[in-house]
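In what follows, chains are A, B, ... by sequence order, proteins preceding strands, each numbered from 1.
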There are 2 protein chains.
Amino acid sequence: MSVLVVGSVALDSVETPFGKADEVVGGSAVYFASSASHFAPVQLVGVVGNDYPVHKLDALRARGVDLAGLEQAEGESFRWRGRYRHDLNAAETLETRLGVFSHFRPKIPAGLRKAPFVFLGNIDPRLQLEVLRQVERPKLVACDTMNFWIESRRADLVELLKHVDVLLLNDGEARQLTEHANLVKAARWILQRGPKHVIIKKGEHGAFMFSGNTVFFAPAYPLEDVFDPTGAGDSFAGGFMGYLARSGRLDEAHFRRAVVHGCTMGSFVVERFSNQRLLEIGSGDIRTRLDEFRRLVAFEEELPA
Amino acid sequence: MSVLVVGSVALDSVETPFGKADEVVGGSAVYFASSASHFAPVQLVGVVGNDYPVHKLDALRARGVDLAGLEQAEGESFRWRGRYRHDLNAAETLETRLGVFSHFRPKIPAGLRKAPFVFLGNIDPRLQLEVLRQVERPKLVACDTMNFWIESRRADLVELLKHVDVLLLNDGEARQLTEHANLVKAARWILQRGPKHVIIKKGEHGAFMFSGNTVFFAPAYPLEDVFDPTGAGDSFAGGFMGYLARSGRLDEAHFRRAVVHGCTMGSFVVERFSNQRLLEIGSGDIRTRLDEFRRLVAFEEELPA
């Protein structure tokens with residue numbers, strides 16, 4: 001089954017303690033698609049300006065990502081410039097230029113409206129709601145958000161929650177949205193407002209999934225060299241949704257494995273700048289790291305070899 | 001098999017966002033013993049002043065903790081006063097009065113020198129080394145430390161590492177000791193200096209155990225109400241050592257389960273002030289929480305009911 005993603009397609013300039021990258025391919029939809037396309041067909045809806053080096057997306061097309069829904073509009077592309085210091089958990093935004101993204105109104109092409117899996121990348125909740133008005137009975141809708149929308153579009157975001165199955169956000173955002181410092185309480189607040197699952201991402205400290213009365217935790221893979229954390233959250237979402245779309249099953253066990261697939265894809269993307277690592281790896285690499293995850297947390301049964 | 005613990009026996013005064021406790025029973029050896037005694041016989045070596053309300057340790061004695069090695073010396077008992085703000089991960093020390101603890105020279109009674117399991121609580125590494133000179137061929141030695149000793153007694157601490165099997169410390173301490181920001185690198189640095197296992201505790205973010213070429217991770221249990229984090233690390237150590245002493249087996253699988261027992265005991269102690277919660281719970285409570293842990297991280301096999 002296929003996954004429709006609506007989100008940003010950007011040019012990122014990133015500085016980390018280990019190097020610099022200028023105007024590389026970025027944006028939530030790009031990271032998501034690079035990750036999810038390892039598991040399922042992906043259709044991308046977004047916008048770039050007429051200055052965008054669209055040939056740089058050929059690698060995505062080569063991975064089977066359908067870019068028919070990517071508009072090219074008059075104006076500048078969305079650009080983000082950021083820096084990570086030694087604490088790789090926190091990006092410092094140096095500059096954001098929305099460009100054509102500031103007038104973006106997502107139009108879902110007729111052929112994509114029946115997409116069974118829909119991921120609403122981190123954009124204005126009003127636009128996320130517009131997407132949901134255009135799609136037809138998706139099997140599963142997940143969305144991401146960020147501090148900026150929690151502050152400026154709280155009412156729309158709370159309205160959106162009624163219409164999504166899964167909310168993904170980080171721990172700081174969960175605390176900000178719910179005004180609960182405790183994550184168990186924050187998760188309950190969110191679950192009471194619509195989503196059946198909430199995934200609270202804690203960067204290098206892993207991720208919780210709360211669902212009804214159950215809670216699941218998966219650690220981040222302990223990497224020796226984290227090169228650039230940009231895109232880890234969207235790559236997580238891509239692994240999560242991609243796995244569910246491939247399996248087609250939405251029970252608790254599959255959701256848990258989907259979280260582990262999310263952690264796995266997040267652990268790859270941070271090993272290089274941009275989406276490079278996600279374009280290099282194959283199913284063998286993914287299987288190997290999934291096995292490493294299994295060994296990382298195994299304690300009860302006989303340890304896997 | 002029994003566990004010998006050498007460490008502090010203190011009077012703590014603690015403020016948290018949820019309340020205050022004055023001059024309650026505390027100290028690394030007390031927390032450790034309260035926890036480990038759920039699994040194995042414990043012998044405690046430490047010192048208190050002649051002002052210590054020793055009857056407050058009756059509850060430990062009732063749990064089978066052997067206090068024959070607890071000296072009572074002329075002078076004031078060790079007192080710690082601290083505060084936690086909303087970020088319950090970090091204690092703010094308001095006052096430390098070492099009292100009789102500043103002249104403490106641990107003397108291991110002849111009858112305890114053959115203890116098969118030895119835990120060196122967080123005291124001066126020179127004293128930890130003195131303890132090791134007195135014990136006879138223990139099966140397993142674990143030790144804890146803290147920022148103060150890493151700064152002031154680095155050479156002694158590095159010497160100590162040659163003689164311990166397991167080092168337990170928190171992530172900040174691991175970074176400070178090894179001068180590696182990355183925990184995988186920090187762990188390798190430590191493993192190269194003697195210990196066969198290093199456990200890096202991350203508070204509410206769980207704990208890693210690195211052993212040779214393997215790594216294990218266990219989350220902290222997601223509690224809705226953390227009341228007072230004091231003693232969580234020592235209670236972890238108590239669950240860890242207590243479980244190993246009870247099982248008597250020192251293979252990787254048992255070490256992993258020991259870490260989960262550590263997390264379990266750490267998750268109880270923070271539910272009330274002092275060691276109260278550890279004195280209330282029984283084996284049924286522990287089993288229930290161990291099952292909750294299993295469900296918290298299970299994703300591959302069929303989920304336990």
Side-chain angles (χ1 to χ4, degrees), chain A residues 17 85-89 171 175 180-188 200 202-210 213-226 243 251-263 290-304, chain B residues 17 85-89 171 175 180-188 200 202-210 213-226 243 251-263 290-304:
Chain A
R85 302 208 188 247
H86 274 283
D87 176 3
L88 291 165
N89 272 325
D171 47 354
R175 291 184 169 115
H180 284 296
N182 181 281
L183 295 181
V184 180
K185 290 178 180 163
R188 183 178 309 129
I200 300 182
K202 305 198 297 168
E204 65 162 323
H205 300 304
F208 277 114
M209 176 173 65
F210 294 89
N213 289 319
T214 72
V215 50
F216 174 61
F217 178 82
Y221 190 76
L223 291 165
E224 196 159 336
D225 293 293
V226 174
Y243 174 79
D251 52 70
E252 172 76 8
H254 283 79
F255 266 90
R256 287 176 171 228
R257 287 176 210 156
V259 169
V260 176
H261 280 70
C263 289
L290 284 167
D291 277 343
E292 286 167 342
F293 259 101
R294 201 168 289 132
R295 283 198 294 272
L296 178 62
V297 298
F299 67 90
E300 197 46 40
E301 338 309 322
E302 286 309 297
L303 300 183
Chain B
R85 304 209 186 246
H86 275 283
D87 175 4
L88 291 166
N89 272 326
D171 47 355
R175 291 183 168 116
H180 284 296
N182 180 280
L183 296 182
V184 181
K185 289 178 181 164
R188 184 178 308 132
I200 300 181
K202 304 199 296 168
E204 65 162 325
H205 300 303
F208 277 113
M209 176 174 63
F210 294 89
N213 288 319
T214 72
V215 50
F216 174 61
F217 178 82
Y221 191 75
L223 291 166
E224 197 159 336
D225 293 293
V226 174
Y243 174 79
D251 54 68
E252 172 76 9
H254 282 80
F255 265 91
R256 287 176 171 227
R257 286 175 211 156
V259 169
V260 175
H261 280 71
C263 290
L290 284 168
D291 277 342
E292 288 167 343
F293 259 102
R294 201 169 286 131
R295 282 198 294 273
L296 178 62
V297 298
F299 67 90
E300 196 48 39
E301 338 311 322
E302 285 311 296
L303 299 184

List the atom of B:Asn182, the atom of A:Asp225, and the distance in Å for their closest heavy-atom pair.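 That closest heavy-atom pairing would be ND2-N, 4.3 Å.
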Out of the candidates B:Phe299, B:Phe217, B:Tyr221, only one should pair with A:Phe217 under the side chain to side chain contact (heavy atoms under 4.5 Å, CB included) rule; please name it.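 Going through the options one by one, the only one that passes is B:Phe217.
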Please state whether the side chain, the backbone, both or neither of A:Phe208 comes within less than 4.5 Å of a heavy atom of chain B.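 Only the side chain of A:Phe208 comes within 4.5 Å of chain B.
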Where does A:Leu183 contact chain B at under 4.5 Å (heavy atoms): side chain, backbone, both or neither?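 Looking at A:Leu183, nothing touches chain B.
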Out of [options], return the one with the most heavy atom pairs under 4.5 angstrom to chain A.
{"options": "B:His180, B:Glu224, B:Lys185, B:Arg188", "value": "B:Glu224"}
{"options": "B:Leu223, B:Thr214, B:Val226, B:Val259", "value": "B:Leu223"}
{"options": "B:Leu290, B:Leu296, B:Val184", "value": "B:Leu296"}

For B:Asp251, enumerate each residue passing the side-chain hydrogen bond (donor to acceptor under 3.5 Å, both in side chains) test, keeping only those at least two apart in sequence or located in another chain.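 B:Asp251: side-chain hydrogen bond (donor to acceptor under 3.5 Å, both in side chains) contacts with B:Arg249, B:His254.
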Quick one: list whatever passes side-chain hydrogen bond (donor to acceptor under 3.5 Å, both in side chains) with A:His205, sequence neighbours left out.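 So A:His205 forms a side-chain hydrogen bond (donor to acceptor under 3.5 Å, both in side chains) with B:Lys202.
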Is B:Glu204 in contact with chain A via its backbone, its side chain, both, or neither, using a 4.5 Å heavy-atom distance?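 Contact with chain A is through both the backbone and side chain of B:Glu204.
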Give the intermediate values and the outcome of side-chain contact (heavy atoms from CB on, under 4.5 Å) for residues A:Val215 and B:Glu292. CA-CA 9 Å; A:Val215 50; B:Glu292 288 167 343; over 6 Å; no
